[in-house]
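Following: one structure in structure tokens, then a few remarks.
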Amino acid sequence: MVQPAPASPLFWRFNPEIYQRMGMKCSDCGHITYPRRKICPECGSFNVKEHQLSKTGKVHTFCINWTPPPNLEPPIVNVIVDLDGGGRYQGLITEVANPEDVTIGTKVEMVLRKVMTDRGLNIYGYKFRLVEEG
Ligand SMILES: [Zn+2]
């Protein structure tokens, strides 16, 4: 069976949701949502505009996966992050020696990293790394 080729890096590079962290903010209630929507999920308003999400936040919840999908090295730590200023973003943790160092409320920041290699193409995306407090 022939598999489709991975998406063009050019397509992803100019996708504002992926690399510019573009979400939506409701002009009526102030709710911030990601991915972008045409209707505010909080109040139902159509009065929404683009809003660039923060790169920093705190872990809302996480999961340590010891048997990830192909092309990913175990263990991977998948997190959902409450971003500073509003919005939630899902991603993988990077640059952590011990996955158990990740807890709810841990401060993190987004960094652009290689996510995987698919049929010879490197696929990049945002991951989160722990922020030293002090
Ligand atoms: Zn709203």
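Since we're looking at a predicted model, the values are computed, not measured. Start at 1 and go down the list; that is how both ligands and their atoms are numbered.
Residue Lys55 holds its NZ atom at 12.0 Å from CG of Leu83, rounded to the nearest 0.5 Å. One distance of note links NZ of Lys114 with CG of Leu121; it measures 11.0 Å at 0.5 Å rounding. The NZ atom of Lys127 lies 11.0 Å from the CG atom of Asn78; values are rounded to the nearest 0.5 Å. For the atom pair CE (Met24) and OH (Tyr34), the distance works out to 13.0 Å, reported to the nearest 0.5 Å.
Gln52 contributes a side-chain N or O that, together with a main-chain N or O of Gln20, makes up a donor-acceptor pair within less than 3.5 Å.
Summarising the local packing, CD of Glu95 is surrounded by more than 12 heavy atoms from other residues, nucleotides or ligands at distances under 6.0 Å.
Excluding waters, the set of protein N, O or S atoms lying under 2.8 Å from the Zn ion (ligand 1) comprises Cys26 SG, Cys29 SG, Cys40 SG, Cys43 SG.
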